[in-house]
Amino acid sequence: QVQLVESGGGLVQPGGSLQLACATSRNIFRINDMGWYRQAPGRERELVAIITAGGLAMYADSVKGRFAISRDNAKNTVYLQMMSLKSEDTAVYYCSAGAYRGPQLIMRSDYWGQGTQVTVSS
């Protein structure tokens, strides 16, 4: 069974920063594009960032300039660095492995993590 294990969520004040991490197996990591989704209460799940297997990063307009996605091929881990956090960033964040379906920010997600809660509040 494929596992994507997320970590790094928590409570942070507005304007603060947080880094999420998602680790998986080498077989999955090396051939798949990796993405981060989020789902706020009462809202649909939305894709916020993708990084392709080749390292191309793309972002939703709502997080562009504040979030940065990266991947460490040696550790089979994808990261989401979140800066200048706002209350509207509060959500459960999910890691996913699959395939980018551009040119829009669309991804076919084959594997999912369990989610990690991010709460932005004073």
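Scope of the values below: all heavy atoms of this structure, side chains included, with no hydrogens, waters or symmetry mates. Every value quoted in this text rests on a predicted model; they were computed, and no experiment measured them.
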Looking at [atom1] of [X] and [atom2] of [Y], how far apart are the two atoms once the value is rounded to the nearest 0.5 Å?
X     : Y      : atom1 : atom2 : answer
Ser96 : Asp110 : OG    : CG    : 7.5 Å
Trp36 : Thr116 : CH2   : OG1   : 7.5 Å
Tyr93 : Gln117 : OH    : CD    : 9.5 Å

Does some side-chain heavy atom of [Y] sit less than 4.5 Å from a side-chain heavy atom of [X]?
X     : Y      : answer
Tyr79 : Cys22  : no
Leu85 : Phe67  : yes
Leu4  : Met34  : yes
Cys95 : Gln114 : no

Is [Y] reachable from [X] through a run of hydrophobic residues whose side-chain heavy atoms are each under 4.5 Å from the next?
X     : Y     : result
Tyr59 : Leu20 : yes
Met82 : Leu11 : no
Leu47 : Leu56 : yes
Val5  : Phe29 : no

Residue pair [X] / [Y]: nearest heavy atoms and the distance that separates them:
X     : Y      : answer
Thr77 : Ala21  : CG2-CB, 4.1 Å
Ile28 : Ala97  : CG2-CB, 3.8 Å
Ser84 : Ser17  : N-OG, 4.4 Å
Pro14 : Ser122 : CD-N, 3.7 Å
Gly9  : Val118 : CA-CG2, 4.2 Å

Is any side-chain N of the basic residue among Arg66 and Asp89 closer than 4.0 Å to the acidic one's carboxylate O?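 The answer is yes: the pair qualifies as a salt bridge.
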Decide, yes or no, whether a salt bridge links Asp61 with Lys64 under the criterion of side-chain N to carboxylate O below 4.0 Å.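 Looking at Lys64 together with Asp61, the answer is yes, because their closest N to O distance falls below 4.0 Å.
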Yes or no on side chain to side chain contact (heavy atoms under 4.5 Å, CB included) for Ser62 and Glu88, after CA distance, side-chain angles and deciding distance? CA-CA 10 Å; Ser62 58; Glu88 51 262 45; over 6 Å; no
Candidate pair Ile51 and Val78, rule side chain to side chain contact (heavy atoms under 4.5 Å, CB included), full reasoning: CA-CA 8 Å; Ile51 186 164; Val78 61; 3.9 Å; yes
More than 12 heavy atoms from other groups under 6.0 Å of CZ on Arg26: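 No, the 6.0 Å shell around CZ holds no more than 12 heavy atoms from other groups.
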Count the heavy atoms belonging to other residues, nucleotides or ligands that lie under 6.0 Å from CD of Glu44, then report whether that count exceeds 12.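 12 or below, so no.
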Think Arg38 forms a cation-pi with Tyr94, using NZ or CZ under 6.0 Å from the six-ring centre and within 45 degrees of its axis?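 No - Arg38 does not lie over the ring of Tyr94 by the 6.0 Å and 45° rule.
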Could you check whether Arg45 makes a cation-pi contact with Trp112, meaning its NZ or CZ is under 6.0 Å from the centre of the six-membered ring and within 45° of the ring axis?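 Judged by the rule (NZ or CZ under 6.0 Å from the ring centre, within 45° of its axis), Arg45 counts as positioned above Trp112.
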Knowing that exactly one of Arg71, Met58, Met107 qualifies, which makes a side chain to side chain contact (heavy atoms under 4.5 Å, CB included) with Thr52?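 Only one option passes, and that is Met58.
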Worked verdict on Ile50 versus Ile69 for side chain to side chain contact (heavy atoms under 4.5 Å, CB included): CA-CA 7 Å; Ile50 296 173; Ile69 190 170; 5.6 Å; no
